[in-house]
2 protein chains.
Amino acid sequence: MAKKPVRPTARPLFAQIQEIIVERLVAGEWRPGEPLPSENEFAEFYNVSQGTVRKAIAQMAADNLVVRFRGKGTFVASHTDEREHSHFFHLHREDGVKELPQTIPISCSKQAATPEAVARLGLTNGTPVAVVERLRTLDGAARVFETVVVSEEVFPNLCESLRDALPNEMYPHYETEYGVRVVCAQERLRAVSADPRDAELLDVEVGAPLLEIDRIAMTYGDTPVEWRRSRCITSDHFYLSTLR
Amino acid sequence: MAKKPVRPTARPLFAQIQEIIVERLVAGEWRPGEPLPSENEFAEFYNVSQGTVRKAIAQMAADNLVVRFRGKGTFVASHTDEREHSHFFHLHREDGVKELPQTIPISCSKQAATPEAVARLGLTNGTPVAVVERLRTLDGAARVFETVVVSEEVFPNLCESLRDALPNEMYPHYETEYGVRVVCAQERLRAVSADPRDAELLDVEVGAPLLEIDRIAMTYGDTPVEWRRSRCITSDHFYLSTLR
DNA sequence: GAGTGGTCTAGACCACTGT
DNA sequence: CAGTGGTCTAGACCACTCT
């Protein structure tokens with residue numbers, strides 16, 4: 001008794017439904033933390049079965065776009081959630097415990113994008129960007145020197161908003177202040193030698209080995225929104241990568 | 001018309017079925033590359049619906065335990081597959097291309113497990129282990145110095161079997177020679193300074209920054225079977241980590 | 001043509017949440 | 001209590017592979 005006997009497209013129905021819902025999510029129809037319509041509402045609206053909607057939303061949940069609670073509903077995923085804190089932070093202490101870092105701001109300034117920033121963030125030449133420098137501490141000691149670059153077009157007046165909020169983490173701030181949700185990221189890891197600036201800020205000798213993490217963070221649709229370079233002391237911590 | 005109205009266990013049926021099938025997989029009932037029974041056969045055997053079996057096996061496919069082909073069947077995943085080659089190798093060239101490494105053997109010897117190896121591999125004191133040293137080249141230049149430690153109980157006479165086969169990769173070798181399939185791994189990354197041995201083998205200066213990758217590879221049930229330490233030159237390559 | 005996995009529907013029951 | 005997502009079933013159709 002299968003319906004939709006004529007489907008000209010080769011694409012599965014649930015994938016089309018998923019695409020449509022994600023598009024509505026991208027358009028900002030529901031902000032981080034807000035509830036989505038129920039399965040039954042979607043099913044009725046798009047004239048498909050509840051099972052098809054379920055499969056679409058289940059995939060979105062697997063992609064960390066939404067979170068679901070039995071009896072409550074489906075909600076747009078948010079870094080504001082307690083258990084999403086430092087979701088992308090991968091430094092662990094020797095004993096395997098992941099301790100959340102504290103942040104010490106250094107500077108924030110509005111600049112013209114460098115060619116490298118233009119390339120990494122997919123900007124147009126001369127776009128203004130905000131450049132944030134900060135230190136992150138683990139067990140009370142400065143372990144990471146971080147440089148964050150974002151477009152001023154996506155995050156207008158970021159420096160001012162940071163001065164007011166003094167947030168420990170950027171991604172909840174992006175959400176609450178700009179409605180921009182970071183959903184995934186790519187990190188390029190390298191071993192580098194500490195330059196004089198690194199050495200001074202992290203209290204190591206020039207030339208000491210540091211783990212450099214070069215991250216592009218992306219919002220819905222894999223659109224890059226942040227470029228971040230972290231230089232980490234890894235004498236007492238390691239970067240944990242889980243492979244499947 | 002739901003069956004099984006009385007289910008004393010809180011565990012979902014599909015999860016129980018999955019557990020049972022994984023147990024049979026662990027027991028070696030089907031070797032890497034071999035086909036599993038069809039959904040209908042499982043469903044009839046365990047007296048559940050085809051949909052329940054599908055959900056169980058779909059999860060196993062998501063975990064890379066099996067691969068499925070429409071019209072053909074379900075097969076135990078294998079590193080022997082072309083597209084599984086270097087599945088756990090994450091060094092990419094500056095242009096983003098992942099070039100597969102070549103291997104130059106250095107040494108292989110049977111030793112008593114060090115305390116660190118005992119701890120990392122979950123062995124008992126004094127267990128004999130095989131220690132393999134090798135260089136891996138990218139673009140023709142030695143870039144990675146690798147030390148592999150495995151239990152002789154799991155891989156008896158590994159050195160001899162390696163001498164005969166001269167394999168470029170270890171995991172296909174583990175499968176074909178010992179029937180041991182590596183399904184997941186945990187890597188701890190650090191920046192370290194090249195010691196004299198690293199420097200000589202990789203042709204860099206002592207103290208040069210190297211990316212150290214400390215990996216525990218596991219078979220079914222997260223049982224550790226290999227401990228590997230790689231020291232990598234990352235001047236022309238980076239380790240790619242994708243976060244979701 | 002028989003057999004495989006993949007999609008879709010329809011309906012039932014469940015656990016849990018809010019009121 | 002009604003509404004939510006989660007599980008399970010049953011059956012239909014589809015695309016594909018092998019013989």
Side-chain angles (χ1 to χ4, degrees), chain A residues 1-21 25 30 33-78 81, chain B residues 1-21 25 30 33-78 81:
Chain A
M1 203 79 59
K3 271 207 304 192
K4 328 256 168 211
V6 180
R7 253 198 319 112
T9 63
R11 199 92 177 295
L13 233 193
F14 76 88
Q16 300 177 40
I17 299 293
Q18 182 186 346
E19 190 177 85
I20 292 171
I21 300 179
L25 200 57
W30 315 283
E34 285 181 2
L36 270 66
S38 73
E39 292 179 354
N40 280 323
E41 287 174 298
F42 274 128
E44 196 170 336
F45 186 83
Y46 291 116
N47 196 30
V48 298
S49 80
Q50 194 190 4
T52 300
V53 172
R54 181 190 308 286
K55 202 165 179 182
I57 300 185
Q59 186 55 56
M60 294 172 61
D63 294 342
N64 284 322
L65 296 186
V66 297
V67 288
R68 320 196 74 185
F69 301 100
R70 185 171 36 182
K72 296 181 70 176
T74 303
F75 303 82
V76 182
S78 168
D81 280 6
Chain B
M1 202 85 54
K3 271 206 305 191
K4 327 251 169 220
V6 180
R7 254 196 321 110
T9 63
R11 199 91 177 294
L13 234 193
F14 75 88
Q16 300 178 41
I17 299 293
Q18 182 187 344
E19 191 177 83
I20 292 171
I21 299 179
L25 200 57
W30 315 284
E34 285 181 4
L36 270 66
S38 72
E39 292 179 353
N40 280 323
E41 288 174 296
F42 274 127
E44 196 169 339
F45 187 80
Y46 291 115
N47 196 31
V48 297
S49 80
Q50 194 189 4
T52 299
V53 172
R54 180 191 309 286
K55 203 166 179 181
I57 300 185
Q59 186 55 55
M60 294 173 61
D63 294 342
N64 284 322
L65 296 186
V66 298
V67 289
R68 320 195 74 184
F69 302 99
R70 186 171 37 183
K72 295 180 71 177
T74 302
F75 303 83
V76 182
S78 168
D81 281 6

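Lettering follows sequence order; numbering is per chain, from 1.
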Using a cutoff of under 3.5 Å, can you pull out all pairs of nitrogen or oxygen atoms linking the protein to nucleotides 17-19 of chain C, with atom names and distances?
none

Quick note, B/T52 side chain, CB onward, closest among C/dT9, D/dC8, D/dT7 is D/dC8
Take the protein atom CD of B/E44 and the nucleotide atom P of D/dT9, then report the distance between them rounded to whole Å. 14 Å
Could you state the atom-to-atom distance from CD of B/E39 to C1' of C/dT4 in whole Å? 8 Å
In this structure, how many angstroms lie between the P atom of C/dT4 and the CZ atom of B/F75, rounded? 11 Å
Please pick, from C/dG6, C/dT7, D/dG6, the nucleotide with the shortest atom-to-atom distance to any side-chain atom of A/R68. D/dG6
Please state how far atom CE in B/M60 lies from atom C1' in C/dG5, giving the value in whole angstrom units. 15 Å
Does A/F45 have more than 12 heavy atoms from other residues, nucleotides or ligands lying within 6.0 Å of its CZ? no
For the pair made of CG in A/N47 and C1' in C/dC8, what is the distance, rounded to whole Å? 13 Å
Rounded to whole Å, the CD-P distance (A/Q50 to D/dT7) equals 13 Å
Check each of B/I20, B/I17, B/T74, B/I57 against B/F42 using the side chain to side chain contact (heavy atoms under 4.5 Å, CB included) test, and report the only one that passes. B/I57
Under 3.5 Å: donor-acceptor pair, side chain of A/Q16, backbone of A/R11: yes
Nearest to the side chain of A/N40, heavy atoms from C-beta on, is which of D/dT4, D/dG5, D/dC8? D/dT4
Where do A/I21 and A/W30 come nearest, in terms of heavy atoms and distance? O-CZ3, 3.9 Å
Listed nucleotide nearest any side-chain atom of A/S49, set D/dG5, C/dA10, C/dG5: C/dA10
Apply side-chain contact (heavy atoms from CB on, under 4.5 Å) to B/S38 and list each qualifying residue two or more places apart in sequence or on a separate chain. B/N40, B/E41
If only side-chain N and O atoms of A/S38 are considered, is one of them under 4.0 Å from the OP1 or OP2 phosphate oxygen of D/dT4? yes
In whole Å, what is the span from the CD atom of A/Q18 to the C1' atom of C/dC8? 16 Å
Atom-pair distance (OH on A/Y46; P on C/dT9), nearest Å: 15 Å
From the options D/dG5, C/dT9, D/dT7, select the nucleotide whose nearest atom is closest to the side chain of A/T74. D/dG5
Lys/Arg-Asp/Glu bridge criterion (N-O < 4.0 Å) met for B/K55, B/E39: no
Got more than 12 heavy atoms from elsewhere within 6.0 Å of CD, B/E34? yes
Side chain A/R54 and base D/dG6 donor-acceptor under 3.5 Å: yes
